[in-house]
Amino acid sequence: MAKLVGGTFLALLQLGARLSNSAYYADFSNYTGQILYSSTICQIEKPVFFVYTQDNALFIVTRGSQDDEDFGTDAKFTETVTEFGVFHTGFLNAANYVYEHTKDYINNWNGPVYFVGHSYGASVSQILNVMSYYYNENINAYSFAFAPMPAMDITADDKIQDRLYAIVNDDDIIPTLSVPNVYEKFHLLYPTIRYVPSD
């Protein structure tokens, strides 16, 4: 596994952010790489995603929430327990869908694999990274998750913490969505909200 440092890391981070944004428009014409596969039909737990290659790297780019079906997946926030962690049910099912359609690309790729996405796509990307490691520890995979919604418990990434990168704006409530964090974010309403039991 190569260590991501310095200029290489920043260049990958910038490319990941641009690819994540391009997924909303299904337009990658401004890039020097090639789309190997695209799935642009959106359904609940079946996100829009793209398999893209550039500079001997493979990118699995999952689009963020845009259609009603995406928001339907976001709302499936029950927990599903697996042998490799506890996950947000909607995101796990979406990741399983993407993985089934991309696993041949991932497992046969002779180079680094990057799972990238924004919001819903970021959450799916993190789970894809965990899944790919669980199924094949030899995959040189990383995830760049831009504003991911909470997707898994803290044990799911124990073995690959150094391969998961999440970029979060502290003022954005979505990536930090939990009861304690929501409580903290609304501290301006403290005169009223302080009467709500914190537990």
Side-chain angles (χ1 to χ4, degrees), residues 1-17 19-20 23 33-39 45-64 73 78-168 175:
M1 174 181 74
K3 190 166 181 76
L4 302 181
V5 294
T8 301
F9 175 76
L10 289 176
L12 282 168
L13 200 60
Q14 289 172 340
L15 179 58
L19 291 173
S20 297
Q34 177 185 8
I35 294 289
L36 302 178
Y37 182 85
S38 61
S39 177
E45 298 179 339
K46 295 180 179 179
V48 170
F49 69 91
F50 305 88
V51 179
Y52 173 82
T53 180
Q54 181 176 320
D55 300 328
N56 299 314
L58 185 72
F59 295 83
I60 309 298
V61 185
T62 306
R63 190 188 73 184
T73 303
T78 57
E79 293 181 345
T80 298
V81 179
T82 72
E83 58 274 18
F84 49 93
V86 180
F87 299 91
H88 175 292
T89 299
F91 299 150
L92 176 64
N93 291 341
N96 278 321
Y97 175 77
V98 174
Y99 186 79
E100 281 304 309
H101 289 82
T102 61
K103 64 183 177 184
D104 289 341
Y105 292 103
I106 296 166
N107 291 320
N108 294 319
W109 191 256
N110 188 21
V113 177
Y114 301 101
F115 300 102
V116 299
H118 169 258
S119 190
Y120 164 31
S123 300
V124 170
S125 295
Q126 290 179 319
I127 297 173
L128 283 167
N129 199 5
V130 172
M131 289 173 63
S132 69
Y133 178 81
Y134 177 80
Y135 291 124
N136 185 348
E137 293 182 13
N138 297 318
I139 298 296
N140 185 20
Y142 304 84
S143 60
F144 293 125
F146 301 93
M149 292 181 263
M152 57 189 155
D153 71 346
I154 60 173
T155 64
D157 67 353
D158 279 351
K159 296 181 179 178
I160 59 166
Q161 288 178 355
D162 58 339
R163 298 182 187 199
L164 294 162
Y165 296 92
I167 293 76
V168 176

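Keep in mind that the numbers below use all heavy atoms, side chains included, and drop hydrogens, waters and symmetry copies. These numbers were taken from a predicted model, which means no experiment stands behind them.
For F91, the ring pair (Phe, Tyr, Trp, His ring centres under 6.0 Å) partners two or more places apart in sequence, or in a different chain, are H88, Y120. A search for side-chain contact (heavy atoms from CB on, under 4.5 Å) contacts involving T78 returns T89, not counting sequence neighbours. Residues that satisfy the side-chain contact (heavy atoms from CB on, under 4.5 Å) test with T102, not counting sequence neighbours, are F49, V51, I60, V98, I106. Qualifying ring pair (Phe, Tyr, Trp, His ring centres under 6.0 Å) partners for F87, counting only residues two or more places apart in sequence or in other chains: F84. A search for ring pair (Phe, Tyr, Trp, His ring centres under 6.0 Å) contacts involving Y135 returns Y99, not counting sequence neighbours. Checked against side chain to side chain donor-acceptor pair (under 3.5 Å), Q54 has the following partners two or more places apart in sequence or in another chain: Y52. Applying the side chain to side chain donor-acceptor pair (under 3.5 Å) test to D153 and every residue at least two apart in sequence or in another chain returns T155. Taking N93 as the reference, E45 meet the side chain to side chain donor-acceptor pair (under 3.5 Å) condition, with sequence neighbours excluded. Applying the side-chain contact (heavy atoms from CB on, under 4.5 Å) test to E83 and every residue at least two apart in sequence or in another chain returns Y134. By the side-chain contact (heavy atoms from CB on, under 4.5 Å) test, E100 pairs with K103, sequence neighbours left out. Not counting sequence neighbours, the partners of S143 by the side chain to side chain donor-acceptor pair (under 3.5 Å) test are N129.
Taken from NE2 in H118 to OG in S123, the straight-line distance is 10.0 Å, to the nearest 0.5 Å. Atom CD of Q126 and atom OG1 of T62 lie 11.5 Å apart (nearest 0.5 Å). The line from CZ of F50 to OG of S20 is 11.0 Å long, rounded to the nearest 0.5 Å. In this structure, the separation between CG on L36 and CG on D104 is 12.5 Å, given to the nearest 0.5 Å.
Residues W109 and T53 form a side-chain contact, since some pair of their non-hydrogen atoms from C-beta on lies under 4.5 Å apart. Annotation: side chain of M152 is not in contact with side chain of V86 (no heavy-atom distance under 4.5 Å). Looking at M131 and T82, their side chains never come closer than 4.5 Å, going by heavy atoms from C-beta outward. The side-chain heavy atoms of Y133 and L128, taken from C-beta on, include no pair separated by under 4.5 Å. Side-chain contact between Y114 and L58 is absent, with no heavy-atom pair separated by less than 4.5 Å.
Classification of the Y165-F144 ring pair by plane angle, with boundaries at 30° and 60°, yields tilted.
With hydrogens and angles disregarded, a donor-acceptor distance shorter than 3.5 Å links the side chain of N136 to the backbone of N138.
The two residues A94 and P47 make their nearest non-hydrogen contact at CB-CD, 3.8 Å. Shown here for R163 and A141, the closest heavy-atom pair between the two residues is CD-O, 3.2 Å. The heavy-atom pair separating I127 from A95 by the smallest distance is CG2-CB, 3.6 Å. Pairing each heavy atom of V61 with each of A23, the nearest pair is CG1-CB, 3.8 Å.
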Is there a side-chain contact (heavy atoms from CB on, under 4.5 Å) between S39 and H101 once you walk through the steps? CA-CA 9 Å; S39 177; H101 289 82; over 6 Å; no
Going through the checks in order, is the side-chain contact (heavy atoms from CB on, under 4.5 Å) test met by F115 and S132? CA-CA 10 Å; F115 300 102; S132 69; 3.6 Å; yes
Give the intermediate values and the outcome of side-chain contact (heavy atoms from CB on, under 4.5 Å) for residues V113 and N140. CA-CA 6 Å; V113 177; N140 185 20; over 6 Å; no
Given the rule in the side-chain contact (heavy atoms from CB on, under 4.5 Å) test, do L19 and L15 qualify, once you have shown the distances and angles that lead to the verdict? CA-CA 6 Å; L19 291 173; L15 179 58; 3.8 Å; yes
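Applying the salt bridge (charged side-chain N to carboxylate O under 4.0 Å, His left out) test to every pair with at least one member in residues 114-139, sequence neighbours left out, gives no pairs at all.
Applying the 6.0 Å contact sphere to CG of N56 captures no more than 12 heavy atoms from other residues, nucleotides or ligands.
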